[in-house]
Amino acid sequence: MKVDYQKSLNPAQLEAVMTLNGPVLVIAGAGSGKTRTLVYRVARLIEHGVSPENILLLTFTRKASGEMLERAAGLADERCRFVSGGTFHSLSHQVLRSRADLIGFDRSFTILDRPDMEEIIQSIVKEMDIVRASIRFPRRSTIASILSKAVNLEQNIEALMRDEFSQFLEYIRDIQRIDVLYKNYKRSNQLMDYDDLLIFCRKILAENEHVRKELSDTYQYVMVDEYQDTNGIQADIVKWLATERQNVMVVGDDSQSIYSFRGANYRNMFDFPIMFPETKIIKLEENYRSTQPILTFTNSLMDQAQEKYTKCLFTKRKGGIRPKVVNVKTDPGQAKFISRTILGLLNEGKSLKDMAVLFRAAYHSYELELELTRQAVPFVKYGGFKFMESAHIKDLIAHMRILFNRNDAVSWGRVLRLINNIGQKKSSNIIKWMQKSGVQPWQVGEWPGAGKDSQGLKALGDLLRQLTDENMKPERALELANKYYDPILRERFDDFPKRQKGLEQLINMASRKRKLKAFLDELMLDPPSSNADVSPLENDSYLTLSTVHSAKGLEWPVVFVIWVMEGYFPSSKSRSSLQAIEEERRLMYVAATRAKDKLILCYPGQEELPIWQLAEMGYISGLSSFIQSLHPEVMDHSSLDNNILNNNFSNFSIRKKQPRVIVNTAPFKESSVNSSGLKQGDRVKHPAFGMGVISKFLDKEKVEVLFRDAGRKLLHLEYTTLDKV
DNA sequence: CATCACGCTGTTTTT
DNA sequence: CAGCGTGATG
């Protein structure tokens with residue numbers, strides 16, 4: 001098939017597609033045909049005689065690369081399917097599986113996911129003597145994110161904590177010790193977490209010329225999608241891969257960088273030309289997705305960004321309506337408003353699959369999900385809940401993992417504790433015994449300390465012996481383990497029928513695989529993101545609910561955005577707060593640019609005041625920094641339909657309970673403290689943040705107050721009064 | 001030593 | 001609303 005590039009592409013896209021050699025940076029606004037450009041370039045390379053295996057397409061998710069190659073195949077040539085593609089993590093994994101010895105690891109190392117990491121951290125914390133300071137010790141998930149972020153930002157723990165986790169500085173020594181112990185633990189047990197995959201891959205590339213040579217011979221043309229979402233380590237990996245031949249194209253959009261929590265740094269895009277001085281820069285600014293009013297809104301949103309790289313989206317599409325902002329007052333009000341508007345659109349002949357509801361965090365849609373169920377509107381939700389992370393799935397998988405890495409103490413512990421009467425203590429004794437005596441996994445039943453539990457241990461041993469058969473099909477292995485696990489499942493979970501279905505789906509997924517080990521690795525690196533991935537609805541028309549993160553790269557004619565404004569405070573001068581606002585802005589940008597024709601923003605405002613007025617008073621934040629873009633010339637501030645409002649919501653609580661946070665409130669004169677008789681533990685009322693409790697006096701000017709109704713960032717306020725309650 | 005019931009705390013996003 | 005620590009019970 002001959003591809004007509006001239007006809008299918010605009011001049012900028014054409015240039016990107018036709019430039020095959022040398023480094024290229026494509027700055028591509030939302031909806032500017034970024035994927036299209038990559039697809040055509042793959043087709044062009046192959047047409048030009050490059051062999052598909054010599055092309056590497058790095059994307060953010062494996063699904064994205066699959067879809068892209070599928071499209072390329074449909075467009076040009078079946079051979080496009082053989083292009084090497086995947087995520088940075090899967091590439092790193094591939095590199096490491098065959099070369100782990102270069103960094104002193106066994107090739108059979110096990111990959112840890114986040115819950116595994118947290119479990120190890122917890123066991124480390126348990127063994128340490130921690131002196132309790134004035135605040136609670138950070139929870140394991142917080143510790144995990146500190147350690148992980150330090151790796152991804154390539155910062156030391158101290159600097160990172162000063163910057164972003166200042167509330168836990170009291171425990172800095174402990175965290176640093178946990179860091180060391182955690183690293184040692186991983187090494188001695190042949191374990192690697194997600195961050196290690198990247199770190200070690202880079203290390204191997206940096207230190208071994210022959211590996212670099214080998215890889216750049218294989219991957220002669222490298223393309224990276226969503227480059228704004230890469231972190232420094234990933235950028236280095238790109239550098240090492242491409243340094244020899246310099247045939248590398250990266251594509252990205254700085255205003256869509258929403259993974260900074262993971263160390264992503266959109267500045268990588270602008271460092272790219274420094275890394276590769278010959279770089280040709282191409283900008284894609286014509287938008288093929290949205291109407292002009294939507295683009296006017298999103299452009300004005302980015303106009304106010306602290307840091308941006310000029311790029312102005314335009315479209316040749318005529319007409320369109322202004323995006324709407326609706327104060328839905330309460331969560332139930334919001335649910336009713338959205339579901340009724342959707343029903344209205346259905347009456348007009350629109351289809352459910354043309355609509356999506358987007359939000360920042362998975363729990364923001366809970367209320368809506370209930371309402372949609374009541375109204376019998378079918379929907380699929382993406383993001384948030386992870387199939388792989390549910391306990392029953394992890395339990396079953398753990399039985400397999402211990403066979404491939406018998407040092408995997410995390411999985412051993414999991415498996416052993418499923419047996420009645422075996423808990424923390426006994427399981428760790430058994431693991432110690434097995435490591436010391438060097439018995440085979442299936443000999444676990446021979447543990448000398450066994451009493452009542454010997455039956456259970458024997459049964460486990462029998463299962464493991466069966467599973468050890470090298471040639472066993474993944475499906476069969478999972479079935480055997482499932483048979484063993486089923487009684488445990490029934491006993492432990494009230495909702496076991498649902499979970500049994502999940503396990504069946506897992507077994508079903510395995511039926512398509514040949515190698516068990518490969519299947520397990522794939523589950524860790526490319527886990528099904530939600531129930532949606534595992535069991536797509538039969539019904540072909542359903543509404544999409546999705547986190548903004550999971551909606552990246554997708555589009556719908558009608559998009560609702562649920563915008564919950566908790567959490568960020570512009571009055572704070574701290575860097576992290578400013579950063580948070582900039583991140584929120586980009587998040588809103590990504591959400592809004594998903595819409596083709598109609599964009600409706602909902603916010604549950606608690607007051608009768610217009611939103612910008614609240615923001616200017618300093619009550620709400622987040623949105624306040626880009627509030628001007630919501631002014632009438634770009635936004636339609638319609639009020640809520642009275643029909644919807646009149647369904648008395650008065651018996652509902654206004655909003656869910658908000659997080660408790662630490663807030664510095666100033667100034668607080670010593671005399672006023674004394675004269676008002678305030679002391680630690682007193683309840684106080686703050687005009688904007690509601691009820692709080694005085695936690696301690698910092699100095700003459702400052703008192704630290706715990707508020708229930710604020711966000712979670714450290715905040716410095718100018719208010720002079722706190723009313724004692 | 002395992003397990004259960006209770007009360008307190010702190011809420012994102014993903015490989 | 002779940003995950004954690006704690007204290008009582010088996």
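Residue numbering restarts at 1 for every chain, and letters A, B, ... go by the order of the sequence lines.
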TODO: Working to the nearest 0.5 Å, report the span between CG of A:Leu525 and CZ of A:Phe88.
DONE: 14.0 Å
Task: Sub-6.0 Å ring centroid separation between A:His549 and A:Tyr259 - done: yes
Task: Rounded distance (Å) that lies between atom P of B:dT14 and atom CZ of A:Arg360 - done: 12 Å
TODO: Without swapping roles, check the side chain of A:Lys426 against the backbone of A:Asn421 for a donor-acceptor pair under 3.5 Å.
DONE: yes
Open item on the list: Is the phosphate of B:dT14 approached by A:Thr547 (side-chain N or O, under 4.0 Å from OP1 or OP2)?
Closed with: yes
Open item on the list: Taking only side-chain N and O atoms of A:Ser90, does any of them lie within less than 4.0 angstrom of OP1 or OP2 on B:dT15?
Closed with: no
- [ ] State, without any angle test, whether A:Ser148 and A:Ser145 hold a side-chain donor-acceptor pair at a distance under 3.5 Å.
- [x] no
TODO: May I have the distance from A:Asp229 (atom CG) to B:dT14 (atom P), rounded to whole angstrom?
DONE: 12 Å
Task: Under the 3.5 Å Watson-Crick or G-U criterion, the dot-bracket string of DNA chain C, with | for inter-strand pairs - done: ||||||||||
Open item on the list: Any side-chain N or O of A:Arg140 below 4.0 angstrom from OP1/OP2 of C:dC4?
Closed with: yes
Task: Residues A:Tyr266 and A:Asp253: side-chain donor-acceptor under 3.5 angstrom - done: no
- [ ] Using a strict cut-off of less than 4.0 Å between a Lys/Arg side-chain nitrogen and an Asp/Glu carboxylate oxygen, indicate whether A:Lys394 and A:Glu119 qualify as a salt bridge.
- [x] no
Open item on the list: Could you check whether A:Lys381 and A:Ser365, counting side-chain N and O atoms only, form a donor-acceptor pair closer than 3.5 Å?
Closed with: yes
Open item on the list: Check A:Arg586 with A:Asp254, please: is the shortest side-chain N to carboxylate O separation under 4.0 Å?
Closed with: no
Task: Residue-level proximity of residues 425-434 of chain A to DNA chain B when a heavy atom falls under 4.0 Å - done: A:Lys425, A:Lys426
TODO: Between B:dT12, B:dT3, C:dC4, spot the one nearest the side chain of A:Asn420, thanks.
DONE: B:dT3
Open item on the list: Just the rounded figure in Å: distance from C1' of B:dA2 to CG of A:Leu457.
Closed with: 15 Å
- [ ] Kindly indicate whether a cation-pi arrangement holds for A:Arg97 with A:Phe109, taking the cut-offs as under 6.0 Å to the six-membered ring centre and within 45° of the axis.
- [x] yes
TODO: Please evaluate the base of B:dT14 for a donor-acceptor partner in the side chain of A:Arg262 within a cut-off of under 3.5 Å?
DONE: yes
TODO: Please tell me which of A:Ile258 and A:Ile422 maps to the more 5' nucleotide of DNA chain B, matching each residue to the nucleotide holding its nearest heavy atom.
DONE: A:Ile422
